[in-house]
Structures are given as C-alpha cells and as structure tokens.
Engineer: 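My questions will all concern the structure given below.
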Amino acid sequence: MGEQNGGARLTLYFMRQASSSTTTMGQLADKEFLKFVQTTLNIPTETSKADLDLQDAKS
C-alpha cells in the first residue's frame, strides 16, 4: 500500500516508529518522521531551516 500512496507510506512509517522514539528532538532528527509531522500538521518544510536551538526552545 505504501508503494502506491505517499501518505499511506508516511502513516505506516509513523505507526512503526512512534513507540520507539523517546524525545521530540529524536523524532525530528528522523527525516521520514519529520516529513510525517510536517505533512500532518501542515508545517512548511522551510521551518527546518530555522535555528535548531530556537526551535527546541519553543517546544
């Protein structure tokens, strides 16, 4: 299913990885996990270019 639908692929990846991830920064360091979050929450990919310390301070 994931091979035919990018959204399904991201969702399946999230379901596999969500329980093994223990920190927000660890989750965001995972490119596929980050893509899932950005897609789900409609967050522009450009936010990844912001200063990491500034992003962490807001969470």
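Counting from 1, the numbers follow the sequence of the chain as shown.
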Engineer: Please list, chain by chain and in numerical order, all residues satisfying side chain to side chain contact (heavy atoms under 4.5 Å, CB included) with Ile43, sequence neighbours excluded.
Structural biologist: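 By the side chain to side chain contact (heavy atoms under 4.5 Å, CB included) rule, Ile43 matches Val37, Gln38, Leu41, Thr47.
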
Engineer: Could you name each residue pair satisfying salt bridge (charged side-chain N to carboxylate O under 4.0 Å, His left out) that touches residues 36-45, not counting sequence neighbours?
Structural biologist: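 Residue pairs with at least one partner in residues 36-45: there are none.
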
Engineer: With sequence neighbours excluded, tell me which residues meet side chain to side chain contact (heavy atoms under 4.5 Å, CB included) with Thr39.
Structural biologist: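 Thr39: side chain to side chain contact (heavy atoms under 4.5 Å, CB included) contacts with Leu10, Lys35.
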
